[in-house]
J.: 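Let me begin by handing over the structure; questions about it come next.
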Amino acid sequence: MTLVGLDDTDSRELGMCTTYVAARLAERLESAGHAVERTLLVRLNPAVEHKTRGNAALAIHTDADPGSALGLARDLLDLAEVDDPRTNPGVVVADCEPDDAPQAVADFARAAVRDHHEISAARELAAESGFETLARGNGRGLIGALAAVGAWRAFGDWTYEHIAYRERERWGDERDIDLDSVFDAAEAGYPEAWDTVDRVEGEAVCVPHTPCPILYGIRVDDPDVVGDVAGAIASESVAREHLFVTNQGTDAHLRDGTVESVAEGRAYRLSGTVLAAPETREGGHVFFDLGDDDARLECAAFEPTKRFRDRVRALRVGDELTVCGEVSAETLKLEKFAVRDLVETELVTPDCPDCGRSMKSAGRDQGYRCRDCGTSAGGKVEQPIERDLERGWYEVPPCARRHIAKPLVRGGFDGATHPER
């Protein structure tokens with residue numbers, strides 16, 4: 001088996017898409033008589049500075065010999081948007097079974113999703129492993145390409161995405177898709193197909209807004225449902241389609257951590273107590289402090305997370321949470337959180353049992369007294385609080401979800417879930 005990894009062929013401004021290059025390469029391999037077992041779409045660390053929107057690297061698993069695969073990949077690098085100086089394609093070709101990639105390469109792949117790498121480290125490890133490489137520009141794409149080669153061994157949770165591509169002459173033009181058909185298809189395919197639309201915001205999440213070649217992408221747990229969902233979407237003509245095996249929707253970027261141990265540019269799953277009440281600041285962003293006796297960390301739900309901010313606003317000091325998200329500028333950007341324990345009572349001034357009026361302070365450390373009836377109480381009393389939250393997991397809506405973040409509808413969470421649709 002030969003593994004062909006590639007990355008960084010697209011541009012934020014000029015378009016293109018590395019998934020498109022991989023799909024074309026898979027077509028070329030099959031046209032040349034080679035079998036393609038699978039195409040991996042690997043989302044890398046979403047906090048990396050140099051990423052394009054999705055930060056995807058690709059790998060093709062084929063029975064072609066390494067030399068043939070390398071030659072076809074070299075030809076297709078002409079599709080890369082190298083007019084953008086930030087586009088620096090890389091290709092890695094490995095002669096091994098996916099499960100037999102060197103352990104060091106699997107470790108590199110895991111770190112590429114959760115950490116940061118230097119280009120020199122990718123070059124050195126590829127050479128030590130005996131892999132062939134191609135690069136243009138500064139070769140930054142070698143990082144993702146090598147990570148994609150090691151990803152199959154590194155990770156065990158995989159989903160699927162079916163991507164439909166536009167006719168070449170329509171790239172950059174407004175997409176012609178009947179949105180009603182998208183919402184109907186999404187409803188019929190749910191929950192096996194997820195994050196196709198955002199029903200509350202009325203947004204077709206599966207349809208990009210960039211000048212890339214993609215018409216739409218359907219994300220699923222079961223690839224057998226793809227045909228029905230895609231077939232129900234009325235749209236402009238589709239030039240080609242490809243099914244990717246992907247780590248999207250898996251939370252592969254999260255590492256377990258503590259409030260005091262977080263580092264910039266990494267994503268965490270950590271627990272703590274709400275120490276400062278949620279505060280809505282300019283722009284509609286909502287912030288609160290989470291922590292323990294040793295440290296505190298600012299957490300934020302930014303305006304693009306829409307209704308999720310109402311969940312955050314409903315928190316109170318003393319609530320116990322588990323939060324997930326990326327740390328940037330010393331703030332954790334919330335992707336989801338779990339309510340572990342809720343503050344359900346508060347201390348209030350007692351009411352007089354005879355007349356019902358609120359008692360007044362009888363003096364320092366002397367409790368409370370009703371001035372009309374003369375009754376007294378030793379101190380404040382507990383009163384139940386009505387809460388707009390329940391225990392369990394809450395998440396940002398589909399319109400704000402990162403590709404790699406796991407939607408609650410996929411299951412496997414350690415508590416009740418309140419999925420967004």
Side-chain angles (χ1 to χ4, degrees), residues 17 19-20 22-23 26 38-43 46 53-56 58 155-166 175-210 212-253 305-308 335-336 393-413 417-421:
C17 178
T19 70
Y20 178 79
R38 68 180 66 87
T39 307
L40 292 188
L41 193 172
V42 183
R43 298 291 180 182
R53 179 176 177 271
N55 203 21
L58 282 293
F155 301 104
D157 188 9
W158 298 97
T159 63
Y160 301 86
E161 180 166 11
H162 169 93
I163 298 181
Y165 296 98
R166 312 182 73 190
R175 290 167 175 81
D176 183 8
I177 295 183
D178 180 74
L179 293 183
D180 288 339
S181 73
V182 176
F183 277 82
D184 289 344
E187 187 65 32
Y190 188 83
E192 288 81 7
W194 35 267
D195 285 4
T196 309
V197 300
D198 188 312
R199 288 160 179 79
V200 176
E201 302 299 326
E203 180 177 339
V205 177
C206 66
V207 180
H209 302 289
T210 61
C212 71
I214 295 176
L215 181 58
Y216 58 78
I218 307 298
R219 298 171 186 176
V220 296
D221 281 308
D222 181 359
D224 291 338
V225 308
V226 161
D228 290 339
V229 176
I233 295 176
S235 71
E236 63 187 63
S237 60
V238 174
R240 54 178 44 84
E241 300 170 294
H242 199 85
L243 182 68
F244 297 87
V245 183
T246 174
N247 66 344
Q248 290 174 166
T250 65
D251 277 347
H253 63 313
T305 63
K306 303 302 180 185
R307 56 196 183 270
F308 177 69
E335 297 171 7
K336 60 174 74 76
W393 285 93
Y394 295 89
E395 64 183 350
V396 301
C399 68
R401 188 156 17 251
R402 283 181 153 162
H403 299 289
I404 199 169
K406 184 177 181 178
L408 298 180
V409 71
R410 289 201 64 222
F413 292 88
T417 58
H418 308 280
E420 289 285 356
R421 297 184 60 187

J.: R410: which residues meet the side-chain contact (heavy atoms from CB on, under 4.5 Å) condition with it, sequence neighbours left out?
T.: D157, T159, W194, D221, T250, K406, P407

J.: Of all heavy-atom pairs between R175 and P208, which one has the smallest distance, and what is that distance?
T.: NH1-O, 3.2 Å

J.: Which residues satisfy the side-chain hydrogen bond (donor to acceptor under 3.5 Å, both in side chains) test with D195, sequence neighbours excluded?
T.: R401

J.: H162: which residues meet the ring pair (Phe, Tyr, Trp, His ring centres under 6.0 Å) condition with it, sequence neighbours left out?
T.: none

J.: Do I233 and Y216 make a side-chain contact, defined as non-hydrogen atoms from C-beta onward lying under 4.5 Å apart?
T.: yes

J.: Name every donor-acceptor pair, under 3.5 Å, that has one atom in a side chain of residues 242-249 and the other anywhere in the protein, sequence neighbours excluded.
T.:
| from | atom 1 | to | atom 2 | distance (Å) |
| --- | --- | --- | --- | --- |
| H242 | NE2 | T39 | OG1 | 2.9 |
| T246 | OG1 | L41 | O | 2.8 |
| T246 | OG1 | Q248 | N | 3.0 |
| N247 | OD1 | R43 | N | 2.7 |
| N247 | ND2 | R43 | O | 3.1 |
| Q248 | OE1 | R43 | NE | 2.8 |
| Q248 | OE1 | R43 | NH2 | 2.7 |
| Q248 | NE2 | E161 | OE1 | 2.8 |

J.: Could you list the residues that satisfy salt bridge (Lys or Arg N to Asp or Glu O under 4.0 Å) with R38, not counting sequence neighbours?
T.: none

J.: What is the distance from atom CD of E203 to atom CG of L179, rounded to the nearest 0.5 Å?
T.: 10.0 Å

J.: Salt bridge (Lys or Arg N to Asp or Glu O under 4.0 Å) with E201: which residues, sequence neighbours excluded?
T.: R307

J.: Among all residues two or more places apart in sequence or in another chain, which pass the side-chain contact (heavy atoms from CB on, under 4.5 Å) test with V225?
T.: E192, V220, D222

J.: Excluding sequence neighbours, so at least two apart, what forms side-chain contact (heavy atoms from CB on, under 4.5 Å) with V229?
T.: A185, A193, I218

J.: Do P46 and N55 come close enough that some side-chain heavy atom pair is under 4.5 Å?
T.: no

J.: For R199 and R421, indicate whether the former's side chain and the latter's backbone hold a donor-acceptor pair under 3.5 Å.
T.: yes

J.: The criterion is side-chain hydrogen bond (donor to acceptor under 3.5 Å, both in side chains); which residues satisfy it with Y165, sequence neighbours excluded?
T.: T19

J.: Output all residues satisfying ring pair (Phe, Tyr, Trp, His ring centres under 6.0 Å) with F413, sequence neighbours left out; order by chain, then residue number.
T.: W393

J.: How about K336 and D251: do any of their side-chain heavy atoms sit closer than 4.5 Å?
T.: yes

J.: Which residues pass the side-chain contact (heavy atoms from CB on, under 4.5 Å) test with D176, sequence neighbours left out?
T.: R170, E236

J.: What pairs with Y394 under ring pair (Phe, Tyr, Trp, His ring centres under 6.0 Å), at least two apart in sequence or on another chain?
T.: F337, H418

